[in-house]
Amino acid sequence: MFNNDLPSVYDPKGLEEKWYQYWLDKDYFKAHIQLDKEKNYSIVIPPPNVTGSLHIGHALNNTLQDILIRWKRMEGYNTLWLPGTDHAGIATQNVVEREISKENKTRHDLGREKFLERIWQWKEKYGGNIVNQLKRLGSSCDWSRLRFTLDEGLSRAVRKVFVQLYKEGLIYRENYVINWCPRCQTALADIEVESVEEDAYLYYINYPIKDSGEYITVATVRPETMLGDTAVAVHPDDPRYKRLIGKIAILPLVGRELSIIADSYVDPEFGTGAVKITPAHDLNDYEMGKRHNLEFINLLNEDGTLNEQAGKFKGLNIEEARKEVIEALKNEGYLKKVENYHHAVGHCYRCNTVIEPYLSKQWFVKMKELAEPAIAAVEEGKIEFIPSRWTKVYFEWMKNIKDWCISRQLWWGHRIPVWYCQDCSTLNVEEYEPSSCKKCGNQNLFQDPDVLDTWFSSALWPFSTLGWPEETDDLKSFYPTSTLVTGFDIIFFWVARMVMMGLKFCQEVPFKKVYINPLIRDEKGEKMSKSKGNVIDPLEILEEYGADALRMTLSALTIQGNFICLSEERIKGFRNFTNKIWNVARFSILNLKDFDLTNIEDDYLVSNLSLVDQWILSRLYTTIEMMQNYLTEFKFGEAAKTIYEFTWNEFCDWYIEFIKPRLYQKKDQLSKKTAQYTLWLVLSNILKLLHPFMPFITEEIWHRISYQEESIMISTWPKVKDKFIQPKIEKKVFKIMDIIKTIRNIKSDMNIPFSKEIDLFISINKDDDLFTLIQENIVYIEALIKIKELKIGTSIEKPPYSVTGILEGIEIYIPLQKLIDIEEEKNRLKKRLTKIKIELETSQKKLKNKDFISRAPEEVIMKEKEKSRELGDIVARLENHLKNLQ
RNA sequence: GGGCGGAUAGCUCAGUUGGGAGAGCACUGGCUUUACAAGCCAGGGGUCACAGGUUCAAGCCCUGUUCCGCCUACCA
């Protein structure tokens, strides 16, 4: 049953592919239809960009999801982890545009249809990359349910949602100043604009007042937009300008007549208190333009260059135009002064280009009405954010929500399902292309050229992927999903919008819990970026250290904070842990060779467990309990560290060492058998607890030590058994460990090599229980310390030339062959004495405090008294020994 | 401007209802110990940011201060 052909170093190569294929062949990842929702556990993946490659953030996000799914699966839930990818409009279009630019072509050369064909070809060829990378990570997704946001089913959901929202008046089309990316040549939503603080200049420009020698001075950071000015505004109550209201200013360089208007939006404190108004290129100016019926002059082409409205500046880009305009103003004497200025400038979140406010006709979703139930759902606890502080972030945004610009001037995406009638201008908003205009019946229709924001389809992800609008069994079984795992950077982009759409179209929240995972930084806490060269590529890590090491590292580092700092050093540390597991498995397999698992007399063995067996089981079940709590609370780091420390520090460092003599001897078969039984039981439970974190190595070892369950991933998750948790047993073993540590400490201090046998005298101060404990369990001390001559008794005399170790109730003497250095021994004892004395004094001080005695709980006082007594005893004996050393 | 989070060992962070300051990594010394040198044993290292307050008792609760980070906003 037990093979031991294992090499001493764990090598993940080959094993990972083997087991992943095994799981696939057995169909373990596949979820079943189960209409009793209580028995289901479901997660929809945050769909990665189809053009994407696995980065370290994906690795973390998906590791955590897989931990949840594997844990719940082992707990017996019917689990669904639904995978998929996102068509990522701008990003994907960019990639293919770059590709065809190598052929010196633009998408316009190809035309819409041909270009889309190219993207689909590209998607078929490379779109599976990220999916394969998720598989390498060990993700147990139900691949039979793989979805793509542009699939027919999901597209239908998008059209249906659009049509319904339009018919309810929640989607509308309007001329508005939106965020325009001149490079992507599309509109963007507000949240797709990242503001970056930049140093700039504030220009003061004199605008002459018509028919007078006067000027009115305006201040601006964007002098080039003056070409589109159609007014100058001042505050109605500003005494400096009151008399100018209603007069005409002449726009320098252009000569346009601008009326000087009064509007309370103007802040008299800022700049000169007079503002140039460019209604087509500034949102506030636009609003003011509407209030005052101003002319809207659009200066820009779609590519960000100035159009014919800019006169002689036509054809320049914004940057060039700014220089030229300033130069001209200077030459003509209109530039009054220039100040340094610091302000935030919007950049495209996809390509980092400076965003231009741009007046154009776009489609919008009215958000307020959708947001209200979404706010209520979280307030009522139907959705819980973990960590909870993200709830505030969600509310903050939802309560100040603005309408969402959803039209994009791209080709790759869901085309807006609106057909305009060229004869009667009617808008035909339909799920499927109409053959004729619903109003005039003519067939002269053309479809809106724009596509929808990718996030529009992402917002439907939790139900569109389950088959909505059809009432599928999947939808009935798995909606609402159990948990969403994602990063805080997309709470607004994605999470909030899913909540709104889920409530609107399914009348239920899309998920009950939202776990917000931290974002990954480098070891110095800095953002990873290609330009900084501090990127950790998970694919290289997978190659070099294996999936288990990467997953365990990421899990262990996952804390409740916002960021985790990752370095290759950390990964090495957890790679070492995989090796530790590997070797403890080797040891176990070797020592279980003659152990017949098929015929375990469970009760018989359990009733004959030794002290250390009971101890490790007590620790094991405590660990199981902690793991359960931590996982339930989404404390992945704590859970990972708990099993790490139990395995390494308690199981490997102590238990294995304790039982070696029992395993190696032949006289006492029962003792050997109980040790083997416990060894097997603890190891198999460790493997199970580790499986969600390290699926591959645990599966590999499982098949070498288990006979009953065909795969660890569908084995039963360990349950707490209270009767095995025994604090008294733990205390006893800690006492034995304490003695061993004291002896090791002395040996280390005295430079006695580990392998050197020593004589050992253990003197116990008239405590029968303690004496019995040591007497009965001396084998465990002998297992860890090489002893030549041993003497245990009460009040043993200190032998000559010996060093002393003192702990509660016990004195340890180790005679040395040579004369000991009295001074050195004194220093050693003094060092200990000083430490303990400080503790004792603190304790005594407390006990002398009448308020403490009268007000603290009885239990606390008792504990303090006990502590004081113990410490006092040790101090007295230490002092006595020191005196005798004279 | 508004909001949120953070400050504990050299680094990254735990620290549950207030009751003896912890882990991992790093560092120092020792060890060919029949699972593992990717290992084993031992050790050093902290005014818990600062100042007050509540309490018998504060890393933890309250107030204020300083510094750092993030999000958000229409002062051109």
Side-chain angles (χ1 to χ4, degrees), chain A residues 4 6 8-10 191 195 202-203 218-222 225 233 265-278 282-287 341 343-344 357 387 389-390 392-393 396-397 400 488-489 491-492 519 523-525 545 549 556-557 559-567 569-570 572-591 629 633 635 637-638 641 644-645 649 652-653 656-657 660 664 741 744-749 751-755 784 786 839 842-843 846 849-857 859-861 863-864 867 871:
Chain A
N4 199 24
L6 303 180
S8 71
V9 173
Y10 174 63
I191 52 173
S195 26
L202 189 60
Y203 301 93
V218 299
T220 181
V221 289
R222 303 210 46 193
T225 64
Y265 157 76
V266 179
D267 176 6
E269 304 291 319
F270 187 87
T272 61
V275 194
K276 60 186 272 309
I277 303 299
T278 321
D282 182 283
L283 187 54
N284 298 305
D285 291 9
Y286 172 78
E287 305 278 356
Y341 192 64
H343 69 149
R389 73 189 122 91
W390 295 110
K392 287 180 189 166
V393 175
E396 181 71 18
W397 188 65
N400 298 299
F488 63 78
D489 50 336
I491 290 179
F492 305 150
L519 303 187
E523 67 233 277
K524 292 176 203 141
Y545 300 99
L557 294 183
I559 42 124
Q560 299 280 300
N562 294 357
F563 301 102
I564 64 182
C565 299
L566 184 68
S567 65
E569 279 306 302
R570 305 306 301 258
K572 273 185 193 160
F574 286 97
R575 183 274 316 265
N576 295 353
F577 179 62
T578 62
N579 207 42
K580 191 75 183 173
I581 304 285
W582 187 247
N583 277 289
V584 76
R586 285 179 73 214
F587 173 86
S588 304
I589 291 163
L590 191 70
N591 286 287
N629 292 339
E633 293 164 13
K635 291 185 176 171
E638 296 298 310
K641 280 182 245 176
Y644 176 97
E645 282 169 24
N649 303 341
C652 293
D653 287 350
I656 297 280
E657 297 304 325
K660 274 180 180 172
Y664 298 159
K741 281 190 212 168
R744 283 171 169 175
N745 188 333
I746 293 172
K747 284 182 74 176
S748 181
D749 278 354
N751 289 317
I752 303 168
F754 172 86
S755 48
L784 278 89
K786 292 198 188 334
E839 270 188 73
T842 318
S843 180
K846 258 189 188 176
N849 186 339
K850 278 175 195 157
D851 290 327
F852 176 73
I853 299 295
S854 61
R855 299 195 195 193
E859 196 191 306
V860 174
I861 298 170
K863 222 171 133 188
E864 199 61 46
K867 180 180 154 191
L871 291 173

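All values below were derived from every heavy atom in this structure, side-chain atoms included, with hydrogens, water molecules and symmetry-related copies excluded. Proteins get letters first, then strands, A, B, ... in listed order; numbering begins at 1 in each.
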For this session: For B:A37 versus B:G30, give the span between their C1' atoms, rounded off to a whole number of Å.
Result: 14 Å
Q. What nucleic acid atoms does A:I656 come within less than 4.0 Å of, heavy atoms only: base, sugar-phosphate, or nothing?
A. base
Side chain to side chain donor-acceptor pair (under 3.5 Å) filter on A:K660, not counting sequence neighbours, yields A:E657
Rounded to the nearest 0.5 angstrom, the CD1-CZ distance for A:I581 and A:R586 is 14.5 Å
Check: How far, in whole Å, is B:C48 from B:G20 if one measures between their P atoms?
Finding: 16 Å
Testing B:G19, B:C36, B:G5 for proximity to the side chain of A:R586, the answer is B:C36
Practice task
Provide the distance between the two C1' atoms, one in B:C50 and one in B:C40, to the nearest whole Å.
Solution key: 44 Å
Taken to the nearest 0.5 Å, the spacing of A:K747 NZ from A:K786 NZ works out to 8.0 Å
By nearest-heavy-atom nucleotide on RNA chain B, the more 5' of A:L871 and A:K635 is A:K635
Review point. Hey, are the side chains of A:R744 and A:L784 touching, using non-hydrogen atoms and a 4.5 Å cut-off?
Key: yes
Requested in this report: Decide if the gap between the ring center of A:Y545 and the ring center of A:F574 is smaller than 6.0 angstrom.
Outcome: no
Taking atom P in both B:G59 and B:U66, what distance in whole Å separates the two?
24 Å
Next item on the list: Write down the distance separating the C1' atoms in B:C67 and B:A14, rounded off to the nearest Å.
Entry: 23 Å
Per atom distances to the A:E839 side chain, the nearest of B:A38, B:C13, B:G20 is B:G20
In whole angstroms, the gap separating P of B:A23 from CD1 of A:I564 amounts to 22 Å
Report which part of the nucleic acid A:Y341 touches: base, sugar-phosphate, or nothing (heavy-atom distance under 4.0 Å, all strands). sugar-phosphate
Between NZ of A:K747 and P of B:C31 the distance, given in whole Å, is 13 Å
Residue pair A:I491 / A:W397, side-chain heavy-atom distance below 4.5 Å: no
Inset, instruction - Scan A:I559 against the nucleic acid and name what it touches under 4.0 Å (heavy atoms): base, sugar-phosphate only, or nothing. - result: sugar-phosphate
From CD of A:E287 across to P of B:C74 the rounded distance in Å is 11 Å
Of all heavy-atom pairs linking A:A233 and A:V266, the shortest is CB-CG2, 3.7 Å
- prompt: For A:W397 and B:U72, do the ring centres fall under 5.5 Å apart while the planes stay under 30° apart?
  reply: no
B:U28 and B:G69, which share atom name P, separated by this distance in whole Å | 32 Å
Ranking B:C71, B:G20, B:A35 by distance to the side chain of A:C652, first place goes to B:A35
Considering only heavy side-chain atoms of A:S8, the closest of B:C36, B:C75, B:A26 is B:C36
Whole-Å distance, A:K580 NZ to B:A37 P, equals 9 Å
**OP:** Please state whether the base of B:A42 and the side chain of A:R744 form at least one donor-acceptor pair under 3.5 Å?
**Re:** no
The answer to which of A:R570 and A:A274 contacts RNA chain B further toward the 5' end, by nearest nucleotide, is A:R570
query = Within the structure shown, what part of the strands sits under 4.0 Å from A:E633 by heavy-atom distance: base, sugar-phosphate, or nothing?
reply = nothing
Of the candidates B:G43, B:G24, B:C74, the side chain of A:N649 sits closest to B:G24
Correct closest heavy-atom pair for A:V218 and A:V275 would be CG1-C, 4.1 Å
Of B:C40, B:C74, B:A35, the nucleotide closest to the side chain of A:D653 is B:C40
Every stem of 3 or more Watson-Crick or G-U pairs under 3.5 Å that RNA chain B joins, in order of first number, is B:1-7 with B:66-72, B:10-13 with B:22-25, B:27-31 with B:39-43, B:49-53 with B:61-65
Query raised in the report: Would you say the side chain of A:F852 lies within less than 4.5 Å of the side chain of A:V860, judging by non-hydrogen atoms?
Result: yes
Note to self: Just to be sure I understand the rule, does A:V584 reach a base, reach only the sugar-phosphate, or reach nothing, if contact means heavy atoms closer than 4.0 Å?
What the structure shows: base
Side-chain contact check for A:N579: nearest option of B:A38, B:G5, B:G19 is B:A38
Note to self: Are A:Y265 and A:N284 packed together at the side-chain level, in the sense that at least one heavy-atom pair is separated by less than 4.5 angstrom?
What the structure shows: yes
From the candidates B:C71, B:G69, B:C25, the one with an atom nearest any side-chain atom of A:Y644 is B:C25
Checking B:G19, B:G24, B:G3 against the side chain of A:E396 (C-beta onward), the nearest is B:G3
Rounded to whole Å, CZ of A:R575 lies from C1' of B:A37 at a distance of 12 Å
Determine the contact category for A:E864: base if any of its heavy atoms lies under 4.0 Å from a base atom, sugar-phosphate if only primed atoms, P, OP1 or OP2 are that close, otherwise nothing. nothing
Remember a base hit wins even if backbone is also touched, and classify A:V9 as base, sugar-phosphate or nothing at under 4.0 Å, heavy atoms. base
Check your understanding: NA contact type, A:R389, heavy-atom cut-off 4.0 Å: base, sugar-phosphate, or nothing?
Key -> sugar-phosphate
When rounded to whole Å, the CH2 to P distance for the pair A:W390 and B:C70 reads 12 Å
A:K392 NZ to B:G3 P, in whole Å, measures 12 Å
A:F587 CZ to B:C36 P, in whole Å, measures 10 Å
Winner on side-chain proximity to A:C565, out of B:A38, B:C13, B:A35, is B:C13
| message | Please give the distance between the P atoms of B:A23 and B:C41 as a whole number of Å. | response | 14 Å
